Every structure is written in structure tokens, then in C-alpha cells.
Amino acid sequence: MKKFRILSICTLTVFLAACNGSSDSDGDNTPPKPTTGNMVISSVDEFNQEVLSKGVIDANQTVTVTLPSNNNTLVIKKDLTVKGNLVIK
């Protein structure tokens with residue numbers, strides 16, 4: 001029984017080492033867009049992806065959001081820290 005326990009622990013250790021011990025499976029290695037300078041956004045989805053995912057607009061950044069005339073509502077359901085400029089048209 002003791003040998004079975006040791007074998008089980010060794011097998012589990014090998015499996016965890018093979019997957020690098022991580023359960024992160026998104027595999028997205030795309031570097032984030034720079035957070036400096038001007039950013040022009042033309043949809044709510046793009047705003048959610050580019051700005052809300054980071055949660056902050058840096059001091060040296062200006063984000064201009066131009067909402068479509070048929071959907072001129074921007075709902076922010078997350079905390080957003082604005083250190084720079086946020087313009088919503």
C-alpha cells in the first residue's frame with residue numbers, strides 16, 4: 001500500500017510538471033496595447049475590451065470614445081480610474 005501511495009504521488013507530480021502547474025488555458029500571448037498617447041474608440045465593445053480590461057486611463061493618456069448615434073449609452077459596470085483624459089462624444 002505504501003508503494004502505491006508513493007507511485008501515485010510521483011505520477012501526480014509528473015502530470016503537474018508537464019502542464020507547468022498552471023490551469024491557465026487561454027494561451028493568449030498578445031501584448032497589450034500601449035497605455036500612453038491618444039486612443040480613439042468607436043464602440044462600446046471596444047471600450048470594454050481596451051479600457052475596462054485594464055481598469056485605468058493613465059495620466060499621459062487620452063481616450064476618446066465616439067458612440068454610434070443609434071446607441072449613445074455607455075454603461076460602465078467596473079471600477080475605472082481616470083488619471084488622464086476621457087472624452088465621450
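Quick caveat, the model's predicted, so the values are computed rather than measured. Here, residue 1 is the first one in the sequence, and each next residue gets the next number.
With sequence neighbours left out, the side-chain hydrogen bond (donor to acceptor under 3.5 Å, both in side chains) criterion links Asn85 to Thr62. Judged as a side chain to side chain contact (heavy atoms under 4.5 Å, CB included), and not counting sequence neighbours, Val40 has no contacts. Remark: Lys78 engages Leu52 in a side chain to side chain contact (heavy atoms under 4.5 Å, CB included) (not counting sequence neighbours).
Taking NZ of Lys54 as the start and CD of Gln49 as the end, the distance is 8.5 Å to the nearest 0.5 Å. Here the CD1 atom belonging to Ile76 is positioned 6.0 Å from the CD1 atom belonging to Ile88, to the nearest 0.5 angstrom. Atom OG1 in Thr81 sits 9.5 Å away from atom CD1 in Ile57 (nearest 0.5 Å).
At a threshold of 4.5 Å between non-hydrogen side-chain atoms, the residues Met39 and Val51 count as touching. Residues Phe47 and Leu80 have side chains in contact (heavy-atom distance under 4.5 Å, counting atoms from C-beta outward). Looking at heavy atoms from C-beta onward, Lys89 lies out of side-chain contact with Val65 at the 4.5 angstrom threshold.
In terms of heavy-atom proximity, Glu50 sits nearest to Ile41 at CB-CD1, 4.4 Å.
The backbone N or O of Ser42 sits less than 3.5 Å from a side-chain atom of Glu46, completing a donor-acceptor pair.
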